[in-house]
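Right, one structure below, let's go through it.
Hydrogens, waters and symmetry mates play no part in the numbers below; they use all other heavy atoms, side chains included.
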Amino acid sequence: MSDSEHTAVGQALGYVYQFDRATYRLLESDSAVVSVGLEHIDDVSVHRVDSTSIREQDKATTVDDGRPLTDRSVALWKTLAIWADAILADPAILSSTEFHLVTNGEVAPDSLAARIHAAKTAVEADSVANELLTLAPRLRQDLVPFAEKVRALGPLLSTFVGRVFVLDRVSATFGGNLQQLPSLRLLGSVQRTAVFDNAAGWVRRTVLDQARQGKPTLLDREAFDREIKALFRRVAVAPLAAVFEPDDSAIDPGNYRSHGFFQQLDWIDTDSGFVRDCVIHYVQARVARVKWTDADAVSEASLRAYEEDLKMRWKLHVRRQSQRSYPSAIAQGQERLTDTLSEDSVLDGQVMPKAITCGSFHALANFEATNEPAIGWHPDFEKLAKAARGKS
């Protein structure tokens, strides 16, 4: 991997990690928390009703990063400098703010970062502050600007050190350990993951919407709690449906033009707006199935039975159509598509969201060079698919 590719991956990991950390902060918050910010006054911030707060800097690492936050790492000194700037601008925040440096990596127990975390008495904080001042002049050139900001704190440095916490080995998957969240303790592992994934989706949509409107990117805890209560109800009624996260922002229908199910829609002149919905449902159904499989939430036998049920529903529509006449094959195909997608479906006794049902029908209609479609919309879909497969 090139340096530029490695940097891009690291930036992407950091971006996702911040959303996960904001979600985790909301899930662990109590009634004293008013809101959680994301890229507001810090990477993540927690705001309480008594005006106290937590400023959090997040450092996501990849497998080959080794130990993060070494004594001379950019991540450590840049973070300290960012907080020093905030304190110099408003020294009063020292009395009401904790500073949390969070990483999914492991901090060496004998490191400066570990000593900063442990320094919570006045004597310990003075000792670490003096160590920072001693180390600062000996840092390499690229770290000097950060060190100067830390040194500029002067007599405030010791108090600052006492309010810094370094939290390592914080899960990169969920922004923390889901099993330790009291709000999710009564749920099974699949349901915990489902609630977190859907909650993270809400956080992402809310933050991006606020950013587009030029509003502060603050997440209201009461609004989040209402969303979580709704998710809990979904989990109680249909745990599998809760795994489904209907986020279509990253789906480009143009990337699926060569797929068999897309060609099937083209054969019956499906309008572009509806094609877009079909592509989104196809992708969402595939994602849901992967999550079910990865979490062992649904057996292969159940998935096979589900597909057979969908195929039977399609066959019934084909049978009904055989008793009628149509002005054209395209009109017949359009009716078959509409009637089939209007069906509701049940998996393991749970009614599926319409997007999963529709997406699962499109998955059965899909075909590639090595496999035929199980269902189709155009009356001659089998011949058309055979011809299309012959060309590929």
Side-chain angles (χ1 to χ4, degrees), residues 16 19-20 23 27 173-175 178 184 187-206 227-253 255-256 259-262 264-265 274-314 337 340-368 371 373-375:
V16 172
F19 278 103
D20 285 350
T23 305
L27 284 168
T173 305
F174 302 110
L178 296 189
L184 304 184
L187 302 178
S189 60
V190 173
Q191 287 71 43
R192 279 197 295 267
T193 299
V195 168
F196 184 89
D197 285 346
N198 282 267
W202 179 87
V203 166
R204 182 172 61 254
R205 290 190 299 273
T206 302
E227 181 70 16
I228 289 299
K229 288 177 181 178
L231 287 174
F232 279 3
R233 287 193 293 271
R234 287 173 60 189
V235 167
V237 175
L240 294 180
V243 175
F244 168 65
E245 170 51 42
D247 183 6
D248 61 2
S249 59
I251 300 174
D252 180 3
N255 294 333
Y256 294 85
H259 285 54
F261 81 93
F262 195 106
Q264 290 231 39
L265 296 169
F274 192 64
V275 168
R276 173 178 170 78
D277 291 340
C278 293
V279 171
I280 290 171
H281 296 159
Y282 171 78
V283 174
Q284 290 173 338
R286 288 180 61 190
V287 170
R289 179 162 181 161
V290 169
K291 289 185 177 181
W292 292 334
T293 302
D294 288 348
D296 291 328
V298 181
S299 68
E300 284 299 324
S302 292
L303 288 172
R304 286 195 297 271
Y306 178 64
E307 290 179 350
E308 290 302 317
D309 178 65
L310 295 180
K311 285 189 281 188
M312 180 57 67
R313 291 167 183 266
W314 170 80
L337 172 69
T340 301
L341 298 188
S342 297
E343 291 278 353
D344 290 323
S345 66
V346 176
L347 174 59
D348 276 354
Q350 301 175 40
V351 177
M352 291 293 99
K354 182 60 73 175
I356 289 185
T357 299
C358 293
S360 298
F361 276 120
H362 292 307
L364 291 172
N366 195 42
F367 64 87
E368 299 171 354
N371 67 283
I375 66 174

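For the atom pair Trp314 CH2 and Leu364 CG, the distance stands at 10.0 Å (nearest 0.5 Å). The CZ atom of Arg289 sits 4.5 Å away from atom CD of Glu307, with the distance rounded to the nearest 0.5 Å. Asp197 contributes atom CG, which lies 4.0 Å from atom NZ of Lys291 (distance to the nearest 0.5 angstrom). Distance check, rounded to the nearest 0.5 Å: CG of Leu337 to CD of Gln264 gives 9.5 Å. With rounding to the nearest 0.5 angstrom, the OH atom of Tyr256 is 10.0 Å from the CD1 atom of Ile280. Separation of atoms CG (Leu184) and CZ (Arg192) is listed at 7.5 Å; rounding is to 0.5 Å.
Applying side chain to side chain contact (heavy atoms under 4.5 Å, CB included) to Val283 and the options Asn255, Ile251, Asp252 leaves one that passes, Ile251.
The heavy-atom pair separating Ser345 from Tyr306 by the smallest distance is OG-OH, 2.8 Å. The two residues Asp348 and Ser302 have their closest heavy-atom pair at OD1-OG, 2.8 Å. When all heavy atoms of Ser360 and Ala285 are compared, the pair lying nearest together is N-CB, 3.7 Å. Closest non-hydrogen pair, Phe261 versus Cys278, comes out as CE1-O, 4.2 Å. Taking every heavy atom of both residues into account, Leu303 and Trp292 meet most closely at CD2-CE3, 4.1 Å.
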task = Verify side chain to side chain contact (heavy atoms under 4.5 Å, CB included) between Val287 and Gln284, making sure each step is shown before the conclusion.
result = CA-CA 5 Å; Val287 170; Gln284 290 173 338; 5.7 Å; no

inquiry  = I'd like to know whether Ile356 forms a side chain to side chain contact (heavy atoms under 4.5 Å, CB included) with Leu347, so could you lay out the CA-CA distance, the side-chain angles of the two residues, the decisive distance to 0.1 Å, and finally the verdict.
reply    = CA-CA 10 Å; Ile356 289 185; Leu347 174 59; over 6 Å; no

ask   = Can Phe361 and His281 be said to form a side chain to side chain contact (heavy atoms under 4.5 Å, CB included), step by step?
value = CA-CA 9 Å; Phe361 276 120; His281 296 159; over 6 Å; no

inquiry  = I'd like to know whether Lys311 forms a salt bridge (Lys or Arg N to Asp or Glu O under 4.0 Å) with Glu308, so could you lay out the CA-CA distance, the side-chain angles of the two residues, the decisive distance to 0.1 Å, and finally the verdict.
reply    = CA-CA 5 Å; Lys311 285 189 281 188; Glu308 290 302 317; 2.9 Å; yes

task = Let me see the working for Glu227 and Asn198 under side chain to side chain contact (heavy atoms under 4.5 Å, CB included), right down to the final yes or no.
result = CA-CA 9 Å; Glu227 181 70 16; Asn198 282 267; over 6 Å; no

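Side-chain contact between Val275 and Pro253 is absent, with no heavy-atom pair separated by less than 4.5 Å. With a 4.5 Å cut-off on side-chain heavy atoms, Ile375 and Leu310 do not count as touching. Using a 4.5 Å heavy-atom cutoff, the side chains of Trp202 and Ile228 are not in contact. Side-chain contact check for Asp344 versus Thr357: every heavy-atom pair is 4.5 Å or farther apart. Contact annotation: the side chain of Arg204 never approaches that of Thr23 to less than 4.5 Å [non-hydrogen atoms, C-beta and beyond]. Side-chain contact check for Asp20 versus Phe196: some heavy-atom pair is nearer than 4.5 Å. Looking at heavy atoms from C-beta onward, Leu27 lies out of side-chain contact with Phe174 at the 4.5 angstrom threshold. Under the 4.5 Å side-chain criterion, counting only non-hydrogen atoms from C-beta, Asn366 is not in contact with Phe262.
Side-chain N or O atoms of Asp309 include none that pairs as donor or acceptor with a backbone N or O of Ala305 at under 3.5 Å. Listed for the Arg286 side chain is no donor-acceptor partner under 3.5 Å among the backbone atoms of Gly359.
The aromatic rings of Tyr282 and His259 sit perpendicular to each other, their planes meeting at more than 60°, with 30° as the lower class boundary.
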